[in-house]
Protein chains: 2
Amino acid sequence: MIATLNDVAKLANVSKMTVSRVINHPEQVTDELKQLVFKAMTALNYQPNFAAKALAANTTRIIKLIILEKVDTVEPYYATLLMGVAQALNEHQYALQVVTQKNADIGDCDGYIITGARREDFDWINQLNRPTILFGENRHNYDYVDSDNKYGTFLATSAAINDGYEDIIFFGIELKESFEYSRERGYMDTMQKDGRDPQIVRFGNHSSESQNYIETHWQEFKPNTCFVCSSDRLAIGVERGIQHMNGNIPDEFGIIGFDGVFLDQIADPKLTTVKQPVMTMGSKVAELLLQKINRALPMTEDHDVNRSNRIEVMFSPELIRRQTTRNYHRS
Amino acid sequence: MIATLNDVAKLANVSKMTVSRVINHPEQVTDELKQLVFKAMTALNYQPNFAAKALAANTTRIIKLIILEKVDTVEPYYATLLMGVAQALNEHQYALQVVTQKNADIGDCDGYIITGARREDFDWINQLNRPTILFGENRHNYDYVDSDNKYGTFLATSAAINDGYEDIIFFGIELKESFEYSRERGYMDTMQKDGRDPQIVRFGNHSSESQNYIETHWQEFKPNTCFVCSSDRLAIGVERGIQHMNGNIPDEFGIIGFDGVFLDQIADPKLTTVKQPVMTMGSKVAELLLQKINRALPMTEDHDVNRSNRIEVMFSPELIRRQTTRNYHRS
DNA sequence: GTTAAACCTGTTACCGATAACATCAGCCTA
DNA sequence: TAGGCTGATGTTATCGGTAACAGGTTTAAC
């Protein structure tokens, strides 16, 4: 039913090897034969056999996506990422295995994509003996892809300043992780450049915590304050807190979230947020990993901030203006 | 590095074939040899080679999960499902390909899991020439796995009755699909059995639509009304509408959602909802599909509502009481 | 006690692709 | 014109499994 290399070879009156070469090393075949082979391939709708390829190359053609985070409630963020990874992998005829804490990591693979890695995970990650790329910046010299967190909070803070908010407070995530440091730095630098006093408060990444803080510290916040948050979750909490205290959004109080995956749209009013191109980023990690596996690292991409051998790709996030900042009605 | 059948065979002093038989047809091998082989396998930590298996069996060991729905904003519902599918597939050494509208369906596979199928999709689905199981009940005689939708709305409606709400209105999804019919029937039957008049309104599955309806028809709703919704999305809209109109939840107005994936927890107050065991269901579809592929259909499971050859597996949903129905504080 | 059936284990071929090597033609050089 | 080189194509072996068949031994039957 499904055409093999052999079928194509017969139809084109050449050997299997020639067909294989047309696919993998076309420069070694004369144009004449190439035409014949191409014609045969399209005539038979040839699709290379994934398993045979893997077996011959002594690889698995399996990439594992390891999600290191409690997936009690599945994060839309990771789901989106997964879609991106899956798409890129499909294009290159690689299969995906999703590894969570529950299903142990059994069986071989050609490479790992790891997301949600925390400090304590690196001992374990070090033992992996396959090409690995992390999703999320880190200070352990691992290759990674992430959005430009510092630039993201720069965007958010600048927007808050431009919108004329007088006090701008940062709600961060209580986590000693690289991405959080970068976000805080983006906020601090932007504030200082404008001669303002930064103010940072930190929470576990739950809306209830930020909401509670808003409500219990309500009298400390003067109208005309903007809350720049390190996640949409925290931003939703802030929004609820303000609503419970009958504050006015966005005229008295502005809110800017971070991530732009699902939660921002679910919120009411919808959040102004720093949106990461998560799906694109997912595709990119996958593609970089495949490049790394194939030892061919063109590394000529515009995005690449690559001086040493380390791969560090940062995607620029984008400020999405919606209903929790003043400018909403003007744009 | 990685042990093969051959390595195991050598260590156990038998032929490859014997080892293979120990794995696939253990009844054909004497206990004595089996012990030897087992010992060798554990000593070498033998893991079967996925690709070789696939090649020898003339299969792909790839299962495609086709998500037929705009994934503009990725639904946490599908993400959870995907996790379940991935887990079961990993256990059986099958690889997963996620197919969305964007990445066309190229390449062979051993079977399909299709979710989000609508009326108009079935022409296309008919052409698939591999074992297929749908996620979601259907009237096209396809095998499927779903939650028991009728039972779900029975649970919801009964709860509303028990909680003493006088008017109970059903907010349905404007879709001529089987699952929606079942949910409406569960509501209607339960209402009629209690001698009440059913009342159904339908919307596109967006919170804005149900919210808008609540606000524009506010005077029609008497206090002591419960809204039984066909999705958590609609329920969130209802919640917002009531809040905007300053209605009291849950004393004057109750809300019960459906799905129990993520949205119910994000809502404020948190939704009472009919929760589907989505992850478990995902694992089950995968397992059933693998059974179907291997032509071995034990079909002795308790869940199976199987009279003909058709596979119809229904999972019982569960009512999760939270803050949008009265009983919340009592439990 | 011969013969066949049953049972266990090993040998061979094959799945579909690829690397490495072999072959053969054409061309250049001395 | 012989020898060697280059470049294009075919042949062989191999990846790690499994089905089908072959060979050898034990058991059963008449």
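Small disclaimer: the values here were computed from a predicted structure and weren't measured. So you know, we letter chains A, B, ... as the sequences are listed, proteins then strands, and number each from 1.
Rounded to an integer number of Å, the gap from B:R61 CZ to D:dG17 C1' is 11 Å. Across the protein-nucleic acid pair, B:K16 atom NZ and C:dC14 atom C1' stand 11 Å apart, rounded to whole Å. For A:N58 and C:dA19, the CG to P distance is 12 Å, given to the nearest whole Å. The nearest whole Å value for the distance from the CG atom in B:D108 to the P atom in C:dA17 is 12 Å. Taking atom CE of A:M17 as the reference point, atom P of C:dA22 lies 15 Å away to the nearest angstrom. Atom CG of B:N49 is separated from atom P of D:dT18 by 10 Å (rounded to the nearest Å).
Aromatic ring pairs are classed by plane angle as parallel below 30°, tilted from 30° to 60° and perpendicular above 60°; the pair B:F122 and B:H140 is parallel. Aromatic ring pairs are classed by plane angle as parallel below 30°, tilted from 30° to 60° and perpendicular above 60°; the pair B:F50 and A:F50 is perpendicular.
Judged by closest nucleotide on DNA chain D, A:S15 is the one of A:S15 and B:A51 placed further toward the 5' end.
Between A:D108 and A:R130 there is a salt bridge, with a side-chain nitrogen of the basic residue lying less than 4.0 Å from a carboxylate oxygen of the acidic one. Ionic pairing of A:D31 and A:K34 is present here: one or more N-O contacts between side-chain nitrogen and carboxylate oxygen are shorter than 4.0 angstrom.
Side chain of A:L55, nearest nucleotide from D:dT9, D:dC15, C:dG10: D:dC15. Here the side chain of B:L5 is nearest to one of D:dG17, C:dG10, C:dA17, namely D:dG17.
In this structure, the side chains of A:D143 and A:E312 stay at 4.5 Å or more apart for every pair of heavy atoms. Contact annotation: the side chain of A:L89 approaches that of A:L290 to within less than 4.5 Å [non-hydrogen atoms, C-beta and beyond].
Below the 3.5 angstrom threshold, one finds no donor paired with an acceptor across the side chain of A:K53 and the base of C:dG16.
End-to-end axis angle for the helix from C:dG1-D:dC30 to C:dA30-D:dT1, using five pairs per end and rounding to 10°, comes out at 60°.
No side-chain donor-acceptor contact under 3.5 Å links B:N129 and B:Y112.
Near DNA chain C, defined here as any heavy-atom distance below 4.0 Å, the residues from residues 20-38 of chain A are A:S20, A:N24, A:H25, listed numerically.
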What's the verdict on side chain to side chain contact (heavy atoms under 4.5 Å, CB included) for B:Y94 and B:D110, showing C-alpha distance, side-chain angles and the deciding distance? CA-CA 10 Å; B:Y94 272 77; B:D110 290 353; 3.8 Å; yes
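Across all strands shown, A:T4 has heavy atoms under 4.0 Å from sugar-phosphate atoms exclusively, and none from any base. Within the nucleic acid shown, B:Y46 comes within 4.0 Å of sugar-phosphate atoms alone, with no base atom in reach, counting heavy atoms only.
Other residues, nucleotides and ligands contribute only 12 or fewer heavy atoms inside 6.0 Å of the CD atom of B:E32.
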